[in-house]
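The structure under discussion appears below in the form of structure tokens.
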Amino acid sequence: MNDATGGSDLASVASIFRPGLLDGQVALVTGGGTGIGLGISQLLAELGAHVVMASRKPANLEAARADIESRGGKVSAVQLDVRDPEQVKAAVDGIAQQLGRIDVLVNNAAGNFYAPSATLSPNAWKSVVEIDLYGTFYCSQAVYPIMAAQGGGRIVSTSMTLHYRGWPMMAHATAAKAGVDALTRTLAVEWAPQRIRVNAIAPGPIPTEGVRKAFTPPADSGVPDVFAAADARMAEYAKKGIPLGRWGSPRDIANMVAFLASPAGDWITGSIFVIDGGEWLAKAPS
Ligand code: COA
């Protein structure tokens, strides 16, 4: 079970899915070696998929690969910057050549940080929009011919909920994720004839190390720094700010990805699934 702060033991929640559910499938998870991406990689591998984890930083992948292998999972790692369309195409073609197919693409790689819009540098804006939005498009476009040729596939992109209302100091990320939502709906319709299901997940607050780093606002910004609070205060925030009363865990998100990758997702496309304990619907904590 998760504790009040969300829990950090990624494998502590027993899978509700039957063993072997994803046997024979190949799944590519960008940003798959850490945080939510790691939780997704672990669950898909646990269910029998061969998981290819991609990251800009190979160091992020080694421990994850060893962990999945030690549990008997099939896993490989590829170094990849999703902002570079040629690199993306070469990596995706290499995976298809080596493993014969790509059934699932999880566009999980993201970059976020709090910064005031008035002084956000062009390169800072570009970095986040390129990772979150362009990267999602480049990876989706690269898997298209492979999925189309094999008769279908699943794309699950990572959105967020902050753009459902105004969220100060997140102009770059909220704009990019609104684009991810639009892209999800458009590709879902455009690629349905090829039986490529395109959906998105919108995770709520999950205190992984990367999220803590990305969502720590500058001092004196007036934006509440919930992650910097001690665990007791985090538990208090969970009780007040999250209707279901606890932080999320990577496994909470991974479960939805596994569902969408399974036959249960056969008739689902163009949907954006909010997985946040009801947080965005509740009044924002001040
Ligand atoms: N506030 C303002 N600007 C920032 C910033 C911050 N906290 N962090 C980075 N930037 C700016 C940099 O100053 C740079 O702009 P400049 O050239 O005008 O100075 C630009 O963003 C790119 O930074 P850089 O570190 O060179 O980019 P990168 O490509 O190596 O990293 C990021 C990408 C910027 C998204 C980085 O935050 C990152 O890798 N984050 C880790 C992953 C992550 O955020 N995960 C999200 C979990 S929700």
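Remember, it's 1-based here, ligands and their atoms both numbered in the order they're listed.
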I'd like to know if [X] pairs up with [Y] as an ion pair, taking the criterion as any Lys NZ or Arg NE/NH1/NH2 lying under 4.0 Å from an Asp or Glu carboxylate oxygen.
X	Y	answer
Glu62	Arg65	yes
Asp252	Arg246	yes
Arg251	Glu46	yes
Asp266	Arg195	no
Asp181	Arg185	no

*Can you figure out which of Gly35, Ser121, Pro203, Ala115 has its heavy atom closest to atom 16 (P) of ligand 1?*
Ser121

Given the protein's heavy atoms, is any one of them under 4.0 Å from [atom]?
atom	answer
atom 33 (C) of ligand 1	yes
atom 36 (C) of ligand 1	no
atom 40 (N) of ligand 1	no
atom 1 (N) of ligand 1	yes
atom 45 (N) of ligand 1	yes
atom 24 (P) of ligand 1	no

Would you name the heavy atoms of [X] and [Y] that are closest together and state the gap between them?
X	Y	result
Glu279	Ile242	CG-CG1, 4.1 Å
Phe17	Asn255	CZ-O, 3.3 Å
Asn108	Thr158	CA-OG1, 3.4 Å

*N/O separation below 3.5 Å, Gly111 to ligand 1*: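 So ligand 1 has no N or O lying under 3.5 Å from an N or O of Gly111.
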
Closest approach of any protein heavy atom to [atom], naming residue and atom:
atom	value
atom 22 (C) of ligand 1	Ser127 OG, 3.2 Å
atom 43 (C) of ligand 1	Ala110 O, 3.3 Å
atom 29 (O) of ligand 1	Arg83 NH1, 2.8 Å
atom 14 (C) of ligand 1	Asn123 ND2, 3.8 Å
atom 48 (S) of ligand 1	Asn112 ND2, 3.4 Å
atom 30 (O) of ligand 1	Arg56 NH1, 3.2 Å
atom 10 (N) of ligand 1	Phe113 CZ, 3.6 Å
atom 12 (C) of ligand 1	Ala124 CB, 4.7 Å

*Between Thr136 and Asn107, do the side chains contain an N or O donor and an N or O acceptor separated by less than 3.5 Å?*
no

_Side chain proximity check, Phe113 to Leu120, heavy atoms < 4.5 angstrom_ = yes

